[in-house]
Amino acid sequence: MNYTNILQEIYQEIQPYSKMGAPASYIPELQRVNPDRYGICLYTIDRNEYAMGDCDERFSIQSISKVLSLAIGFSRMGDRLWKRIGVEPSGNAFNSIIQLEMEKGIPRNPLINAGALVMTDILLSILSDPEKEYLAFVRQLCGCKDIQYNESMATSERDTGFLNAAIVNMLKYYGNIDNDVERVLSFYFRQCSVEMNCRELSRTFLPFADHTHPFSFGDISLTTSQVKRINAIMQTCGFYDEAGEFSYLVGLPGKSGVGGGIAAICPRKYSVAVWSPRLNAKGNSVMGMKALELLTTKTAISIF
Ligand code: GLU
């Protein structure tokens, strides 16, 4: 497969979309990013890297971090997790609160905000130094020692994070949060503030695609079956209320973030990370989605 040529063709073909959409505005710090950035990196399971565009510039991974939190929680708690969080697509916006009240404080899945806030609460209870251990895991997955939280991004989000505060308070009301509400919010916003570039993000997701190596990083390990289940959750719940559309157009498990990043995997073949900050109305990167749609069309490989 000539991935170099394919990535170049994709770059040409997505140009008509380059001014469509707008960066997320509800987190003030995200507005400082140049909206015209575009980077992509594909990393194969035989460790070949194909990158182009702004693939060395770090960006805020935002909700993509929810997959990494899930990996830690699932590794430590196993199926006990599912007493507190479901595995069904929500069909609602990532920060919706309506469903949570109807379903009495059990979030639909770990990849929407409510689910990730419960996961954050779980991590606070099971990790002895949560911020440090979370970052250590992410650095090991990525193979990069200088991955960091962006503290000004986390503070900026806390200053305007009224809806997330409402969600965690409702969860607490229903008895699904054990720790202090402010503590949950501050760890959650830190996870969202982790910064990576496309090369680093594609490496971070390779273990989810690579069933030939055990998923084992420090004291976090997952069975092949658990990796399969995380991929299934990405497939059905990874794109807010556009998960069906992403499945239909792209056909890979993945997760998007409001920083404009998308990480996706093609099981047993590659992981791919794409970044372009302009988002569509559902909060997914316009060029990122189009690039991945073209990738699976041109390679004629997806999970379907
Ligand atoms: N930090 C963002 C929030 O909680 C993450 C949203 C996202 O990337 O989907 O609203």
Side-chain angles (χ1 to χ4, degrees), residues 61-88 94 100 103-142 145 147-149 151 154 157-158 161 164-165 167-194 196 204-205 207-208 214-234 237-238 255 257 263:
I61 69 169
Q62 291 294 325
S63 276
I64 300 171
S65 65
K66 293 177 168 74
V67 178
L68 313 177
S69 321
L70 168 61
I72 302 176
F74 203 16
S75 151
R76 290 289 179 84
M77 298 278 291
D79 288 335
R80 283 178 298 152
L81 268 188
W82 312 127
K83 289 197 177 81
R84 294 181 60 183
I85 311 172
V87 292
E88 291 296 336
F94 62 96
L100 195 58
E103 297 180 358
K104 308 243 175 298
I106 303 292
R108 274 285 172 108
N109 68 67
L111 302 185
I112 52 171
N113 286 15
L117 287 159
V118 171
M119 189 68 71
T120 298
D121 182 61
I122 291 169
L123 298 190
L124 284 171
S125 298
I126 61 180
L127 301 177
S128 42
D129 192 344
E131 272 85 355
K132 197 168 156 212
E133 289 173 55
Y134 187 87
L135 209 49
F137 170 63
V138 175
R139 286 173 175 172
Q140 275 185 314
L141 259 186
C142 173
K145 289 194 177 71
I147 299 296
Q148 298 287 357
Y149 300 116
E151 294 297 344
E157 196 172 357
R158 180 61 197 103
N164 282 315
I167 291 172
V168 77
N169 275 290
M170 185 177 288
L171 288 163
K172 183 97 178 164
Y173 169 80
Y174 282 111
N176 204 2
I177 291 288
D178 295 329
N179 295 278
D180 171 65
V181 161
E182 276 307 321
R183 181 73 185 97
V184 174
L185 285 170
S186 85
F187 184 31
Y188 169 77
F189 291 136
R190 281 215 174 91
Q191 292 163 43
C192 294
S193 81
V194 165
M196 287 188 192
T204 301
F205 272 72
F208 296 97
F215 190 113
S216 183
F217 298 88
D219 55 359
I220 307 297
S221 51
L222 295 167
T223 64
T224 306
S225 166
Q226 285 177 313
V227 172
K228 176 188 76 177
R229 294 188 202 292
I230 291 178
N231 291 344
I233 295 171
M234 282 199 262
C237 312
K255 181 73 198 90

> Measuring from Q62:CD to I64:CD1, what's the distance to the nearest 0.5 Å?
Replying inline: 9.0 Å
>> I'd like to know whether K66 forms a side chain to side chain donor-acceptor pair (under 3.5 Å) with Y188, so could you lay out the CA-CA distance, the side-chain angles of the two residues, the decisive distance to 0.1 Å, and finally the verdict.
In response: CA-CA 9 Å; K66 293 177 168 74; Y188 169 77; 2.8 Å; yes
> Under 3.5 Å, is there a donor-acceptor pair linking the side chains of S193 and E151?
Replying inline: no
>> Quick one, L68 and F205 - any side-chain contact, counting heavy atoms below 4.5 Å?
In response: yes
>> With heavy-atom distances below 4.5 Å as the criterion, would you say the side chains of E182 and S186 are in contact?
In response: no
> Can you tell me how far CD of Q140 sits from CG of L135, rounded to the nearest 0.5 angstrom?
Replying inline: 11.0 Å
> How many angstroms lie between CG in N164 and CG in N169, if you round to the nearest 0.5 Å?
Replying inline: 11.0 Å
> Counting only heavy atoms not in Y174, do more than 12 fall under 6.0 Å of its OH?
Replying inline: yes
> Considering all heavy atoms of both residues, which atom of D178 and which atom of D121 are nearest to each other, and what is their separation?
Replying inline: N-OD2, 2.8 Å
> Looking only at heavy atoms, which two atoms of A71 and I230 are closest? And how far apart?
Replying inline: CA-CD1, 3.9 Å
> Under the salt bridge (Lys or Arg N to Asp or Glu O under 4.0 Å) criterion, do E131 and R183 qualify, and how do the steps go?
Replying inline: CA-CA 11 Å; E131 272 85 355; R183 181 73 185 97; 2.8 Å; yes
>> Pair T204, I147 - check side-chain contact (heavy atoms from CB on, under 4.5 Å), show working.
In response: CA-CA 11 Å; T204 301; I147 299 296; over 6 Å; no
>> Quick one: does any side-chain atom of S75 pair with a main-chain N or O of L222 as donor and acceptor, under 3.5 Å?
In response: no
> How about K132 and L127: do any of their side-chain heavy atoms sit closer than 4.5 Å?
Replying inline: no
>> side-chain contact (heavy atoms from CB on, under 4.5 Å), that's the test. Do Q191 and F187 meet it? Break it down for me.
In response: CA-CA 6 Å; Q191 292 163 43; F187 184 31; 3.4 Å; yes
> Should the heavy atoms of other residues, nucleotides or ligands under 6.0 Å from CZ of R158 be counted, would the total exceed 12?
Replying inline: yes
> If you measure from CG on L185 to CD on E157, what distance do you get to the nearest 0.5 Å?
Replying inline: 9.5 Å
>> What's the separation between atom OG in S221 and atom CZ in F74, rounded to the nearest 0.5 Å?
In response: 12.0 Å
> S69 and L123: side-chain contact (heavy atoms from CB on, under 4.5 Å), yes or no, with the steps?
Replying inline: CA-CA 8 Å; S69 321; L123 298 190; 4.0 Å; yes
> Which residues satisfy the salt bridge (Lys or Arg N to Asp or Glu O under 4.0 Å) test with D219, sequence neighbours excluded?
Replying inline: R76
>> Once rounded to the nearest 0.5 Å, what's the spacing between atom OG1 of T120 and atom CG of L171?
In response: 10.5 Å
> Can we call the ring centroids of F215 and F208 under 6.0 Å apart?
Replying inline: yes
> What heavy-atom pair brings N109 and I85 nearest, and what distance separates the two atoms?
Replying inline: C-CG2, 3.4 Å
> Do you know which two heavy atoms are closest between M196 and V138, and how far apart they sit?
Replying inline: CE-CG1, 3.3 Å
> At their closest point, which heavy atom of L141 faces which heavy atom of P207, and how far apart are they?
Replying inline: CD2-CG, 3.7 Å
> What's the shortest heavy-atom distance between L111 and G238, and which atoms?
Replying inline: CD1-CA, 4.0 Å
>> Donor-acceptor check, side chain of N179 to backbone of L124, threshold 3.5 angstrom: yes or no?
In response: no
>> Assess the residue pair Q148 and R139 against the criterion (side-chain contact (heavy atoms from CB on, under 4.5 Å)); give the C-alpha distance rounded to whole Å, side-chain angles, the decisive distance to 0.1 Å, and a yes or no.
In response: CA-CA 9 Å; Q148 298 287 357; R139 286 173 175 172; 3.5 Å; yes
